[in-house]
There are 2 protein chains.
Amino acid sequence: MYSEERKKIVLDYIQKYGKASVQELTEVLQVSEATVRRDLKDLEDAKLLKRTHGGALSLQNVNFEPTIGEKKVTHLKEKHAIAKKAVELIDEGETILLDAGTTTFELAKELKSFAKLTVVTNAINISHELLSHPGIEVLVVGGMLRKETLAMVGPVAEQSLGMIRVDKLFLAINGLDLEAGLTTPNLIEAATKRKMIKIAKQVFLLADHSKVGKVSQAKVADIVEVNQVILDNAVAEDTLNQLKTMGITVHLVHP
Amino acid sequence: MYSEERKKIVLDYIQKYGKASVQELTEVLQVSEATVRRDLKDLEDAKLLKRTHGGALSLQNVNFEPTIGEKKVTHLKEKHAIAKKAVELIDEGETILLDAGTTTFELAKELKSFAKLTVVTNAINISHELLSHPGIEVLVVGGMLRKETLAMVGPVAEQSLGMIRVDKLFLAINGLDLEAGLTTPNLIEAATKRKMIKIAKQVFLLADHSKVGKVSQAKVADIVEVNQVILDNAVAEDTLNQLKTMGITVHLVHP
DNA sequence: TCATATATAATCAAAAATAATCATATTAAA
DNA sequence: TTTAATATGATTATTTTTGATTATATATGA
């Protein structure tokens, strides 16, 4: 067996199990530990896996999940610009609904300047942030608290939302795909988002370019249910045109 | 398990709960404290979390904390003792309702030890605090957010409460008077408290001695609607006896 | 403020894994 | 076939990882 064949087997193994110990690989490949280590070193140099003491991990397993905290760090500029643009679309005295999400959280921080505004939100961090904005009345949507997204969701949330009508909804989303529509990883959260869309006169979608083309498990709605969308300028021209064709007003920000 | 895997688990844990103690992590990871601390140090160096005495916080959580203009809490010692006593009265697996208030906030902080508990609350700060308690499912009552008390109140709160039944309510109060009953300064908040009493099998009143004999504008309920009361020992003997005569179980704490 | 309880850092020892070295085997090319 | 180049495995030295121990630092309440 040639070394290239061996390396392919190593990669397949790690792809399958997520990780592999040097011991395991000596048995699978029937070679010495020294050889396994030499193979792993080559593969790491080629950026195909991550070595650890005792073996190796697939890159997927070390590339930490795109979590709230990190997303916020990585696309903060885009989100900030999107939030600033969103603020321009809000009028004094309106009632707005802010979905849970990092972009909407940025938006909440930008609301200080309003003298009179009613904000409805299902996000615990947004509720907390708005405590310090004197001119803003805050209506919190209740519900089961999801620790992953800080969103309140479920039947209680939906019933509370049913009691309200809002002028503008600012919706956050995980996946925005022209065919699959708006999607998010959690079914219950998706249902809550759907309810939000129902009670809003106008729906504004906030999405940075990393969301475009992404599809998650749970569908929230078709894109046509959105009235306006705010994106950053790293989105393909073609996508923008298709959105416009659907009758959606597209705002482009330049972070 | 390789160190890289461990670190990923630590990050996921902190992402989920906002924070983690060294103790918790030794159990989750099944390694020594020294190893946990070394992992935390590496992760802090990589700017993926913030270490504290006793554990670590997510970076998100660090930014989340400050803003709230907290008024000075009086009688903290009494409240702390009352909260500790209240915890003893809660059983694993129950559903409890925590009213907004400084004493109930102290109580929330003491709930770490429970492996399974459902907490319903109308307080924004309690909701936030409970994010970091892994075993606790949190159901937030929605409503208008009162910046004075951090309570969610009003029609939305009452309708949400109407969907729920709880085993035990821990009620905070401004005035506890034998004749005037339970009173609080805000009418709407009083109505919300009344609704809370309705949906609870058992009502526990938490009050330090400064509340006794006080009467506020809005009446919440008569004292007899309370099943048990926890007071500190600076309350007049006579008052205690009268409460007992009413059939109320009185717990006395010694701060 | 001080005392006490915790938590942390520093140090060390043991175990395990790795790198370095060298001898041997295999392959490719002349 | 011979020779050079490369790959492999065994051996040994070094490094890494971990947990235990002790000293230091930090919080918390009296």
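Order of the sequence lines fixes the chain letters, A, B, ..., with proteins taken first and strands second; residue numbering starts at 1 for each chain. On a predicted model such as this, the values are computed, not experimentally measured, just so you know.
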Under 4.0 angstrom between T35(A) side-chain N/O and dG9(D) OP1 or OP2
yes

Tabulated below should be each protein N or O lying under 3.5 Å from an N or O of nucleotides 21-30 of chain D; please produce it.
none

To the nearest angstrom, how far is D39(B) atom CG from dT18(D) atom P?
7 Å

Value in whole Å for how far the C1' atom of dT12(D) lies from CZ of R37(A)
14 Å

Salt bridge flag under 4.0 Å for residues D99(B) and K193(B)
yes

Spacing between E24(B) atom CD and dA7(C) atom P, to the nearest angstrom:
12 Å

Which one, dG19(D), dA9(C), dT8(D), comes nearest to the side chain of R51(B)?
dA9(C)

Round to a whole Å and report the spacing from CG of L29(A) to P of dG9(D).
10 Å

Quickly work out the Y2(B) OH to dT16(D) P distance and round it to whole Å.
18 Å

Just the rounded figure in Å: distance from P of dA17(C) to CD of E33(A).
8 Å

Looking at E5(B) and K19(A), is there a salt bridge between them, counting it only when a charged N and a carboxylate O are closer than 4.0 Å?
yes

Measure distances between side-chain N and O atoms of R38(A) and base N and O atoms of dG9(D), and say whether any donor-acceptor pair falls under 3.5 Å.
yes

Indicate yes or no for a side-chain donor-acceptor contact from T118(B) to the backbone of T95(B) under 3.5 Å, with no hydrogens or angles considered.
no

Look at the side chain of E27(B) and the backbone N and O of E24(B), then say whether any donor-acceptor pair between them is shorter than 3.5 Å.
no

Are there over 12 heavy-atom neighbours, none belonging to K147(B), within less than 6.0 Å of that residue's NZ?
yes

Just the rounded figure in Å: distance from P of dA19(C) to CG of L40(A).
10 Å

Quick check: does any side chain N or O of N227(B) sit under 3.5 Å from a backbone N or O of V203(B), one acting as donor and the other as acceptor?
yes

Just how far, in rounded Å, is P of dA7(D) from CD of Q30(A)?
21 Å

So, is R6(A) close to the dA7(D) phosphate, meaning a side-chain N or O under 4.0 Å from OP1 or OP2?
no

Counting only heavy atoms not in K198(B), do more than 12 sit closer than 6.0 Å to its NZ atom?
no

Using a heavy-atom cut-off of under 4.0 Å over every strand shown, decide if T52(B) touches base, sugar-phosphate, or nothing.
sugar-phosphate

